[in-house]
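We count ligands from 1, going down the list as the structure has it; atoms in each ligand are counted the same way. Treat the numbers as computed from the prediction; the structure is a model and nothing was measured.
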Amino acid sequence: MRKITLTQFLIEEQRHKGVIQGDLRLLVEVVARACKAISIAIGKGGITGMLGSATTENIQGEVQKKLDVISNEILLETNEWGGHLAAMASEEMDHPYIIPHRYPKGEYLLLFDPLDGSSNIDVNVSVGTIFSVLNCPENIGAVEEHHFLQAGAKQVCAGYAVYGPTTLLVLTLGNGVSCFTLDREVGSFVLTQRDMRIPEETREFSINASNMRHWEPPVKRYVDELLAGKTGPRGKDFNMRWVASMVADVHRIMTRGGIFMYPRDAREPDKPGKLRLMYEANPMSMIVEQAGGASTDGNQRILDIQPEQLHQRVAVFLGSKNEVERVTSYHR
Ligand code: AHM
Ligand code: MG
């Protein structure tokens with residue numbers, strides 16, 4: 001069987017389908033190259049002394065891991081000079097990084113969570129990188145923070161890498177979702193699955209149950225019904241999985257279905273949920289919808305939310321369509 005590399009896949013998308021422009025192709029290739037470098041840095045683990053915490057906090061007041069900082073730097077350095085970007089924003093940086101004047105300015109904005117699930121790094125459990133691409137508004141002069149505040153429905157591309165037993169890149173350009181596996185010897189991503197689809201029905205759910213006492217009533221009701229199993233209102237048993245790396249939990253759902261929830265809760269009433277709209281919820285929602293799944297904040301489609309702040313948080317319910325619709329209907 002002929003192997004299709006990411007490069008070939010992108011060239012075909014550009015040439016035959018006209019789905020993407022040259023600069024977007026370059027952007028995806030550069031992000032993929034950054035993900036390879038991050039995968040290598042993670043793979044060395046304790047050998048290079050890179051496990052453990054840095055001495056810094058991010059804007060959310062979370063202590064950064066050394067690999068959070070390194071992954072962020074890798075993404076900035078690989079992407080700044082190619083001429084495909086106008087600016088970048090990251091979960092790990094307070095403010096956007098504007099492409100310096102010495103480099104040509106491109107037409108895209110890149111947003112990322114450089115190392116998602118990084119609390120898992122020290123225990124050798126899967127982590128990942130999540131990214132989102134927006135068009136930079138035209139005729140604006142200097143890029144400013146508010147230019148990033150576009151609804152998720154406007155994303156032109158989204159993807160994630162999972163650094164697990166294999167390194168995977170899952171990508172959507174707005175016409176379905178494809179999965180690539182890193183061939184470590186050759187150093188390229190190889191297409192291993194086209195047109196990923198999330199089954200509409202599932203018997204699996206994913207939530208951090210330790211927060212149960214803080215949940216809102218619709219979430220409590222929904223999870224209680226799942227837990228009641230065969231003899232409860234759902235009439236079937238459900239299984240539960242929680243990796244605590246969104247990339248790994250979402251990838252499982254992309255592969256065999258399920259529902260992922262990180263609801264709003266009463267721990268910090270001014271913060272709606274833990275996950276970030278721009279770096280986590282929007283790109284994952286685009287991918288999930290492109291695979292036939294659904295994604296809401298309990299009340300509305302996540303991709304329709306008009307962002308007000310770069311680092312804003314949001315409640316997330318995503319995955320198999322029928323379950324997402326059910327828990328969303330309990331909120332009404
Ligand atoms: P991070 O981006 O700082 O790693 O935080 C996001 C992660 C998600 O990957 C995961 O779903 C969630 O936080 C886990 O939260 P919890 O610690 O409540 O299990
Ligand atoms: Mg994250």
**Item:** Option with minimal heavy-atom separation from atom 14 (C) of ligand 1, where the choices are Lys274, Glu280, Arg267, Met261
**Value:**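 Minimum heavy-atom distance to atom 14 (C) of ligand 1 goes to Lys274.
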**Prompt:** Looking only at non-hydrogen atoms, which of Glu92, Arg276, Met246 approaches atom 5 (O) of ligand 1 most closely?
**Reply:**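 The option holding the nearest heavy atom is Arg276.
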Check ligand 1 against [X] and write out every atom of the ligand that is under 4.0 Å from a heavy-atom position of the residue.
{"X": "Gly117", "value": "1 (P), 4 (O), 9 (O)"}
{"X": "Glu91", "value": "1 (P), 2 (O), 3 (O)"}
{"X": "Tyr262", "value": "15 (O), 16 (P), 18 (O)"}

**Message:** Between the side chains of Glu280 and Lys274, is the shortest nitrogen-to-carboxylate-oxygen separation below 4.0 Å, so that they form an ion pair?
**Reply:**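 Salt bridge flag = no for Glu280 with Lys274.
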**Message:** Do the side chains of Arg221 and Glu225 get close enough for a salt bridge, i.e. N-O under 4.0 angstrom?
**Reply:**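 Answer for the salt bridge query: yes.
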Less than 3.5 Å between some nitrogen or oxygen of [X] and one of ligand 1, yes or no?
{"X": "Asp249", "result": "no"}
{"X": "Val247", "result": "no"}
{"X": "Asn208", "result": "yes"}

**Asked** Taking the six-membered ring for Trp, is the centroid-to-centroid distance between Phe205 and Tyr222 below 6.0 Å?
**Response**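 Ring-ring flag for Phe205/Tyr222: false, centres at least 6.0 Å apart.
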Would you say the side chain of [Y] lies within less than 4.5 Å of the side chain of [X], judging by non-hydrogen atoms?
{"X": "Leu191", "Y": "Ser178", "answer": "yes"}
{"X": "Ile259", "Y": "Ser320", "answer": "no"}
{"X": "Trp242", "Y": "Asp249", "answer": "yes"}
{"X": "Arg194", "Y": "Ile4", "answer": "yes"}

For ligand 1, is any non-hydrogen atom under 4.0 Å from [X]'s backbone (N, CA, C, O), its side chain (CB onward), both, or neither?
{"X": "Asp113", "value": "side chain"}
{"X": "Phe260", "value": "side chain"}
{"X": "Ser245", "value": "backbone"}
{"X": "Asp116", "value": "both"}

**Request:** Quick one: pull up OH in Tyr108 and CG in Asp23 and give me the separation to the nearest 0.5 Å.
**Result:**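 Spacing of OH (Tyr108) from CG (Asp23) equals 6.5 Å.
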